[in-house]
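Heads up: the structure comes next, in C-alpha cells.
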Amino acid sequence: TTNFKLSFGQLFLNYLRLWSVSLSFLFCLSRMFFFLLLFLFTDQIFVSWRQAAFILVVTMDRLVKDPRHRESVIRLYIAGSITRKQASIRLGVSIAYVSTLKRRYLKEGKDVFRHGNTGRTNSRKVDEAIETRVINLYRSLSPAEFNFTHFCQYTKADGSLYRATGGVEISDKTIIRILGRHGLRSPSSHRNKGKKHIHPLRPRRLCPGELVQLDACIDYFTLSSTKLALHVAIDDATSLIVGAHFDYQETTESYFHILKDIIDHYGIPGAFYTDNRTSFVSSGDSKPKQDSRVQFRRACQTLGIELITTSTAQAKGGVERFMRTAQDRLSNELKANGISSIDQANDYLKQVFIPGHNQRYGAPPGSSQSVFSELEPQLKQNLDYILALHHTRTILNGNVISYHGKQYLPIETNGEISLLPSGTKVKVIATYDQQPIAILHQGKYYRLKHIGNNKHYATPGSNHPWRRFIYGSKKRV
C-alpha cells in the first residue's frame with residue numbers, strides 16, 4: 001500500500017510538472033507570436049511587455065485618428081454593416097458624434113476627416129534663414145562649448161542673438177529645438193545625474209552674512225594652456241557671490257583678497273564654512289588642528305569671525321554647486337571673449353560674471369536683518385596689517401631684523417628709530433608678494449626701513465691658494 005501511494009504521488013507530481021512545462025511553452029509561443037505581429041505591424045523590435053503595450057496603445061491611437069480609418073468605419077455604418085454603437089467604439093468617440101460625422105460626410109465628403117490645418121504652414125514657424133544664422137552663431141563661439149540654455153542667456157545678454165535674427169524675438173525653447181533639429185547636442189545633456197550617496201539637507205541660514213561658504217577650484221580654468229584657480233565666497237542665506245578671485249593656485253593670499261572685498265562691500269560676516277585645507281587648519285600627524293598660527297585663521301580670530309571647517313563637500317553644497325556652474329559657464333565665457341591674462345579674467349569675473357549671476361540666481365533671505373557688521377575704527381586702521389602674512393623673526397645685533405636676505409630697522413610713527421633689545425621675538429608683517437611693511441611687538445606696530453642686504457661671503461674657487469694649502473706642511477700643492 002505504501003509503495004502504491006508513493007508511486008501515485010510521483011505520478012501526480014510528474015503530471016503537474018508536465019502541465020507547468022506545457023503552459024510555460026505555450027506562454028512563450030504566445031509571447032513570440034504577439035511580438036512578431038507587433039514587429040510586422042509597427043516595424044519595431046520589442047524586448048519587454050511594457051514597451052510593447054505602450055507602442056500598441058500609441059499605434060491604436062494613431063489608427064483611430066487616421067482619416068482613412070474613420071472614413072471606412074463611417075461608410076460601413078452608412079451601409080448598415082455595423083451599428084452606431086459599434087462605430088463609436090471603433091472610432092473612440094461618442095454615439096452622438098457618429099451621427100454628426102455621417103451627416104458631414106454625406107455633405108462635404110472625405111475632407112471632413114482631415115484636420116483644418118492640414119497642408120498649412122504655421123504662422124509662428126521660424127524662417128529657415130534665421131535658423132541657419134542661429135546655427136552659425138552657436139558654432140562661431142567655438143572652442144567654447146556652451147550648453148543650450150547658457151547659449152540663449154549669453155547671446156541675448158550681449159545682443160548677438162538679436163543681431164543674428166534681425167530683431168525677431170525667439171524663445172529659449174524654440175532655439176533649443178532648432179539646435180537639436182540640426183544634429184547639435186548640449187554638452188550638459190549627457191551628464192550623469194545619479195546620486196551615489198544621500199546626505200541630509202541642511203537648512204539655509206536666515207540672515208545674510210550669518211554664514212559664508214568658501215572654496216577653490218583648480219584644473220578647470222585655463223588661459224593659453226595656463227591653469228587658474230578660482231576662489232569663491234557665497235552667502236549661505238541668499239546664494240549671492242560676495243567675493244571671487246583668480247590665482248595660479250589655491251593660496252592664502254587669494255582668500256585674503258576675497259575677505260578684503262567682503263569687508264569693503266558688505267562688512268564682517270559672522271562665520272566662514274570651509275574645507276580642511278592647510279590654508280585654514282594646520283596639518284598634524286593624525287588630523288587637522290585649529291592652530292592660530294595659520295594665517296587665515298589668525299586673521300579671522302582678530303576680526304571676530306568664526307571659522308568652521310568640514311571634510312565633507314556636501315556640507316557646503318552651495319559653493320560646490322556654483323563651482324560646477326562656473327566650470328561650464330565661466331570657462332566658456334572667458335574663451336568666447338578672448339581673455340588671455342589673469343588680470344583680464346579677474347576684471348571680467350568681478351564686473352560682468354558676478355553681477356549677472358547674482359541677478360539671475362540670487363535668493364531672498366529668510367530674514368531682512370543682516371549679520372554683516374562694520375569694522376571698528378582701530379581694526380579698520382590696521383586692516384592692511386591684519387590681512388597680511390605674519391612671520392616670526394628675532395631682533396639681531398644692531399637693532400635690525402633679517403627678512404629674505406635683507407635687513408630692516410624698526411621705525412616709530414614719528415619717524416624715529418625704535419630700539420628693541422637683541423633676541424626679542426617680533427612678528428614681521430609682509431604683503432602677498434613677500435614685501436615686509438611692518439613688525440608687531442606687544443600689540444604695537446612699527447614701520448620698517450630697508451638699510452641694506454645681508455653680507456654674502458665669497459666662496460674661494462678650486463684654484464685659490466687657500467684651497468691649495470695642505471695643513472701641517474709648508475709646501476703648496
Side-chain angles (χ1 to χ4, degrees), residues 51 54 58 122 124-198 215 217-225 227-228 230 232 234 239-241 244 246 313-314 317-340 345 348-349 352-363:
Q51 182 186 12
F54 174 76
V58 173
N122 192 348
R124 294 177 294 180
K125 181 181 179 181
V126 180
D127 188 70
E128 293 183 359
I130 295 179
E131 290 189 5
T132 303
R133 291 197 292 269
V134 170
I135 297 298
N136 294 335
L137 176 62
Y138 181 82
R139 290 173 175 169
S140 66
L141 296 176
S142 180
E145 298 180 355
F146 284 84
N147 64 64
F148 290 170
T149 303
H150 186 205
F151 167 74
C152 300
Q153 296 172 354
Y154 179 77
T155 53
K156 286 182 178 180
D158 65 359
S160 57
L161 181 62
Y162 182 82
R163 294 189 296 269
T165 59
V168 179
E169 294 290 341
I170 304 178
S171 65
D172 294 352
K173 291 185 178 181
T174 302
I175 295 176
I176 293 174
R177 284 198 297 268
I178 292 173
L179 297 174
R181 193 162 56 245
H182 285 76
L184 299 176
R185 188 179 182 185
S186 179
S188 61
S189 62
H190 58 278
R191 185 175 62 196
N192 184 13
K193 300 180 180 180
K195 294 184 177 180
K196 297 182 179 179
H197 304 286
I198 299 176
D215 198 14
C217 178
I218 57 177
D219 297 338
Y220 285 94
F221 305 95
T222 56
L223 295 178
S224 302
S225 70
K227 294 182 179 181
L228 299 181
L230 176 62
V232 177
I234 292 184
S239 296
L240 295 178
I241 304 175
F246 272 120
Q314 288 79 3
V319 68
E320 296 290 344
R321 285 191 296 270
F322 168 77
M323 285 301 184
R324 188 165 192 170
T325 302
Q327 291 166 12
D328 178 25
R329 296 189 169 219
L330 180 56
S331 59
N332 286 323
E333 291 188 18
L334 294 178
K335 296 176 184 178
N337 287 275
I339 294 175
S340 58
Y348 183 85
L349 176 66
V352 180
F353 186 80
I354 291 179
H357 184 277
N358 289 344
Q359 183 180 3
R360 183 176 294 113
Y361 298 108

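Quick note: numbers below take in every heavy atom, side chains included, and nothing from hydrogens, waters or symmetry partners.
Shown here are the salt bridge (charged side-chain N to carboxylate O under 4.0 Å, His left out) partners of Arg181, two or more places apart in sequence or in another chain: Glu131. Under the ring pair (Phe, Tyr, Trp, His ring centres under 6.0 Å) criterion, Phe322 pairs with His357, not counting sequence neighbours. Tyr348 is linked by a ring pair (Phe, Tyr, Trp, His ring centres under 6.0 Å) to nothing, counting only residues two or more places apart in sequence or in another chain.
You'll find the side chain of Ile218 stays beyond 4.5 Å of the side chain of Lys227, heavy atoms only. Within the 4.5 Å cutoff, side-chain heavy atoms of Phe148 are placed close to those of Leu184. At least one side-chain heavy atom of Leu230 sits under 4.5 Å from a side-chain heavy atom of Leu349. In this structure, the side chains of Asp328 and Arg324 stay at 4.5 Å or more apart for every pair of heavy atoms. Phe353 is listed as a side-chain neighbour of Arg329, based on a closest heavy-atom distance under 4.5 Å. In this structure, the side chains of Ile175 and Thr155 stay at 4.5 Å or more apart for every pair of heavy atoms. Residues Ile170 and Ile130 form a side-chain contact, since some pair of their non-hydrogen atoms from C-beta on lies under 4.5 Å apart. Looking at heavy atoms from C-beta onward, Leu330 lies in side-chain contact with Phe246 at the 4.5 angstrom threshold.
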Legend entry - Chi angles and distances behind the side-chain contact (heavy atoms from CB on, under 4.5 Å) call for Ile135, Leu179: CA-CA 7 Å; Ile135 297 298; Leu179 297 174; 3.5 Å; yes
Inset, instruction - Quick one: do Tyr162 and Glu169 satisfy side-chain contact (heavy atoms from CB on, under 4.5 Å)? Show the steps, please. - result: CA-CA 7 Å; Tyr162 182 82; Glu169 294 290 341; 4.3 Å; yes
Inset, instruction - Begin with the C-alpha distance, continue with both residues' side-chain angles, and end with the deciding distance and a verdict on side-chain contact (heavy atoms from CB on, under 4.5 Å) for Leu137 and Phe151. - result: CA-CA 10 Å; Leu137 176 62; Phe151 167 74; 4.1 Å; yes
Inset, instruction - Give the intermediate values and the outcome of side-chain contact (heavy atoms from CB on, under 4.5 Å) for residues Glu320 and Asp215. - result: CA-CA 8 Å; Glu320 296 290 344; Asp215 198 14; 3.0 Å; yes
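Residue pairs meeting the salt bridge (Lys or Arg N to Asp or Glu O under 4.0 Å) criterion with at least one member in residues 140-156, sequence neighbours excluded: Lys156-Asp172. Sorted by first then second residue, the ring pair (Phe, Tyr, Trp, His ring centres under 6.0 Å) pairs that include residues 166-186, not counting sequence neighbours, number zero. The list of salt bridge (Lys or Arg N to Asp or Glu O under 4.0 Å) pairs with a residue in residues 353-362, not counting sequence neighbours, is empty.
Cys152 contributes atom SG, which lies 10.0 Å from atom OH of Tyr138 (distance to the nearest 0.5 angstrom). Rounding to the nearest 0.5 Å gives a distance of 10.0 Å between CG of Leu223 and NZ of Lys335. For the atom pair Asn358 CG and Leu240 CG, the distance stands at 4.5 Å (nearest 0.5 Å). Distance check, rounded to the nearest 0.5 Å: CD of Gln314 to CZ of Arg321 gives 10.5 Å. The structure places CG of Asn332 at 9.0 Å from CG of Leu141, a figure rounded to the nearest 0.5 Å.
Note: Phe146 and His150 have tilted aromatic rings, judged against thresholds of 30 and 60 degrees for the angle between ring planes.
The minimum heavy-atom distance between Tyr361 and Ser239, with the atom names listed, is O-CB, 4.1 Å. Nearest heavy-atom pair, Ala345 versus Ile339, reported as atom, atom and distance to 0.1 Å: N-CG2, 3.5 Å. Of all heavy-atom pairs between Val126 and Thr174, the closest is CG2-CG2, 3.7 Å. Summarising the geometry of Val232 relative to Ile234, their closest heavy-atom pair is CG1-CG1, 3.7 Å, with the distance given to 0.1 Å.
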